[in-house]
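Below: the structure, in structure tokens.
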Amino acid sequence: MKKQIADLVKMTLVVAAAMATVAAAPAPAWAQSADTILVNGKILTVDEQFSTRQALAIREGKIAAVGSNAEIKKLAGAKTRVIDLQGRTVIPGLIDDHMHATRAALSFSTEVNWIGAKSLAEGVARVHDAAQRSKPGAWLIVVTPPATVDTFPEKRRPTQAELIAAAPNNPVYVQLAYGWAMMTPRALAALHISSDADLPARTKLDRDASGNLTGGVTGNMVELFDRLPKPTFEEQIAGTKEFFRELNRLGLTGVVDPGGNNVEPGDYQALFKVWKDGELTLRVSYSLCGMTPGKEFEEYKNYLAMMPMGFGDAMLRFNGLGERITWAMNAINGEASDADHESYYQIVRWAAQHGMTVTMHWGSDKNVNQLLTIWERVNREFPIAKLRWTVAHLNDASPASLERMKAMGVGWTVQDQMYNSGDDVARQQGAEAARRMPPVMTAKKMGIVIAGGTDAHRVSTYNPFTVLQWFLDGKTASGAALRGPEETPSRADALRFYTMGSAWVANDETRRGSLEAGKFADLAVLSTDYMTAPVSEIGDTVSLLTMVDGKVVYAAGPYAQLEKKQDRREISEAGSR
């Protein structure tokens, strides 16, 4: 634990030093004319009326005005950059309400990415291509959600033989979410695995009908993944930049990172380095998890003593506790003990007392009463409505549970779990139960704040447009249509979940989440019209131009020339205002 606390202290000092640098930078005077104007577009402001405008002006990283072409062109000066949208749709930068972005970024430059692959053959080909670029003996690691495989026409997992053929001289490891992995003989040998006794607890080697080992491993992959070689610090920095650029390509300008498995305080150093160097292209609001079972409260009090709620700036900011407050209450299937309830209560009471946001993932309405009861107990002592506490997942939330959440001012972060595993839910609970999951329209009518996201990248795609399409069509990755119309949001509702809803979760809805004067100029110019394109095509949407604080962080197609080598520090410094 001492090392973990030392990592937190180091991380805090990095934050403080970077904040001092930002604070020392002189604030430029406001110019009379706009720095950039976007004209001839369809700008979805996502304001209270969900207004649509033609043009938008940006000055010093913020939106100066939205309006008609004629109105906005009046704000242009001799040095104003004019971007002709040519009728394209502009949306506020998307914000993922629950993405394990810090963890995903650490290994993004060293892993083989299968998200977006159209077939198993393409996925295996990506492994082969990576092997051609790598040194013999270098690990090739794929971590992808099972839904990736569900979308493949082959409708199956890779075999060991296929992976050996793709990369005969490399150890290959393919993991689907947290429940299954396939390893080649070189990978098994490198990890010294020849029998179940060599595996972590709760895992076992797969065998075929004849009893022969297949190379597959079934069980909880958290500890097994920890045995894999970790990227170097330089690779972690490169991965962070590459992953965030990939998110920018998909119109994302922010994430709320809930912590999670396989990430400890020391693992935030690459993120903080990129931020300190002014090279962040994505706003990150991050939570911290309890790390050592039974000692979570001690750790929180120690390593958060120098990290108050909101510590950081507009590009990188501490956002409280989550998603695992204690191990004992983490992803339980039944009832925790009274002692475990009390330990959890003491921590979240302390969090409320110190004005901290809390997010907690929860899988089933059947046992959510124990969580809500503890929160209600805290709420009677320290009202939490202004603290932005949220429940994540809870796809089968009952009206009664939602009413209890509403009474406390608790928000709901919804992800595309039913896209990923809805087929299993329908088989186990029936089509009628799956029809109402998740009940977002019921919650919206109650006035609960709803945010949209993915839970990427191990259990879900990180592509927000896949999720937006799923919100609208209710189909699983395999193509099965489950959700009924009564719980299907409109296009405006779904976009609001992914913008203003997630901004609320990040304690930032007054500064982003919509395209209104005075807010950050975080936006995406889309490849298709989100409001009119066939629902079946929304998942293929990408951003042609993504801006954070009015600076171009990604550009392609007709706007590719706008992406010049610009000082990324401008983004971070502007974001601190």
Side-chain angles (χ1 to χ4, degrees), residues 48 97-98 256 258 285 287 309-310 319-326 329-332 334-336 338 340-415 417 433 436-453 486-487 489 493 496-498 500-510 513:
E48 190 172 345
D97 70 359
H98 191 98
V256 183
S285 300
S287 303
M309 181 64 194
N319 201 46
L321 309 187
E323 62 179 350
R324 180 186 64 239
I325 309 302
T326 65
M329 291 281 282
N330 184 55
I332 59 174
E335 283 284 325
D338 290 343
D340 290 334
H341 287 168
E342 184 64 22
S343 296
Y344 183 93
Y345 160 74
Q346 292 295 337
I347 293 174
V348 293
R349 179 186 184 277
W350 173 82
Q353 187 178 11
H354 289 80
M356 290 188 182
T357 293
V358 170
T359 186
M360 183 71 186
H361 75 174
W362 206 269
S364 173
D365 192 75
K366 292 179 181 178
N367 63 355
V368 76
N369 173 67
Q370 60 191 308
L371 174 69
L372 297 180
T373 297
I374 293 172
W375 284 16
E376 287 165 342
R377 181 182 172 189
V378 171
N379 188 55
R380 288 191 291 270
E381 300 175 82
F382 303 99
I384 63 176
K386 295 182 179 180
L387 302 182
R388 312 300 170 87
W389 288 25
T390 58
V391 178
H393 318 320
L394 197 64
N395 289 286
D396 62 345
S398 66
S401 295
L402 292 172
E403 289 284 5
R404 294 171 72 182
M405 291 165 60
K406 170 60 179 175
M408 291 185 283
V410 169
W412 186 19
T413 65
V414 177
Q415 298 79 41
Q417 185 177 347
R436 65 175 295 275
M437 295 186 195
V440 292
M441 298 313 294
T442 297
K444 178 178 180 289
K445 291 173 184 176
M446 290 181 183
I448 293 173
V449 176
I450 302 168
E486 61 275 14
E487 295 296 353
D493 286 334
R496 195 179 297 278
F497 296 161
Y498 237 109
M500 283 299 292
S502 295
W504 182 90
V505 174
N507 289 272
D508 221 11
E509 77 280 7
T510 62

Original post:
Can you tell if the side chain of Trp375 reaches within under 4.5 Å of the side chain of Met405, non-hydrogen atoms only?
Top reply: no

Subject >> Minimum heavy-atom distance Ala451-Val505, with the two atoms named >> reply: CB-CG2, 3.7 Å

Subject >> Short side-chain donor-acceptor distance under 3.5 Å, Thr359 and Thr390 >> reply: yes

Original post:
Do Glu335 and Asn367 have side-chain atoms, one donor and one acceptor, less than 3.5 Å apart?
Top reply: no

Original post:
Can you tell me how far the OG atom of Ser502 sits from the CG atom of Asp508, to the nearest 0.5 Å?
Top reply: 11.5 Å

Subject >> Minimum heavy-atom distance Trp504-Trp389, with the two atoms named >> reply: CH2-O, 4.4 Å

Original post:
Taking atom CG of Leu372 and atom CD of Glu403, what is their separation to the nearest 0.5 Å?
Top reply: 12.0 Å

Original post:
Does the side chain of Lys444 reach to within under 4.5 Å of the side chain of Pro489, using non-hydrogen atoms?
Top reply: no

**OP:** Indicate the atoms forming the closest heavy-atom contact of Tyr344 with Ile325, along with that distance.
**Re:** CE1-CB, 3.4 Å

**OP:** Indicate whether any N or O donor in one side chain lies under 3.5 Å from an N or O acceptor in the other, for Asp365 and Ser401.
**Re:** yes

Subject >> Nearest heavy atoms of Val378 and Ala352, plus distance in Å >> reply: CG1-CB, 3.6 Å

Original post:
Is there a side-chain contact between Val410 and Val391 (heavy atoms, below 4.5 Å)?
Top reply: yes

Original post:
Does the side chain of Ile332 come within less than 4.5 Å of Trp362's, by heavy atoms?
Top reply: yes

Original post:
Can you name the nearest heavy-atom pair linking Pro438 to Val414, along with the distance?
Top reply: CG-CG1, 3.7 Å

Original post:
Counting only heavy atoms not in Glu381, do more than 12 fall under 6.0 Å of its CD?
Top reply: yes

**OP:** Verify the distance criterion only: is there a donor paired with an acceptor across the side chains of Ser285 and Asn507 at less than 3.5 Å?
**Re:** no

Subject >> Among Met329, Glu323, His393, side-chain contact (heavy atoms from CB on, under 4.5 Å) partner for Met360 >> reply: Met329

Original post:
Are Arg349 and Phe382 in a cation-pi setup, meaning NZ or CZ lies under 6.0 angstrom from the ring centre and within 45 degrees of the ring axis?
Top reply: no

Original post:
Is any NZ, NE, NH1 or NH2 atom of the basic residue among Glu509 and Arg388 found under 4.0 Å from an Asp or Glu carboxylate oxygen of the other?
Top reply: yes

**OP:** Go through the steps to decide whether Arg404 and Val368 satisfy the test side chain to side chain contact (heavy atoms under 4.5 Å, CB included), and finish with yes or no.
**Re:** CA-CA 11 Å; Arg404 294 171 72 182; Val368 76; 6.0 Å; no

**OP:** Output yes when a side-chain donor or acceptor of Asp97 lies under 3.5 Å from a complementary backbone atom of Gly452, and no otherwise.
**Re:** yes

Original post:
With a 4.5 Å heavy-atom cut-off, do Leu387 and Ile384 have their side chains touching?
Top reply: yes

Subject >> Pro399 and Met446, any side-chain heavy atoms less than 4.5 Å apart >> reply: yes

Original post:
Heavy atoms, side chains only, cut-off 4.5 Å: are Leu402 and Pro439 in contact?
Top reply: yes

Subject >> Whether Glu487 side chain and Met437 backbone form a donor-acceptor pair below 3.5 Å >> reply: no

Original post:
Should Leu321 and Thr357 count as side-chain neighbours, where that means a heavy-atom distance under 4.5 Å?
Top reply: no

Original post:
Do Arg377 and Glu342 meet the salt-bridge criterion of a basic N to acidic O distance under 4.0 Å?
Top reply: yes

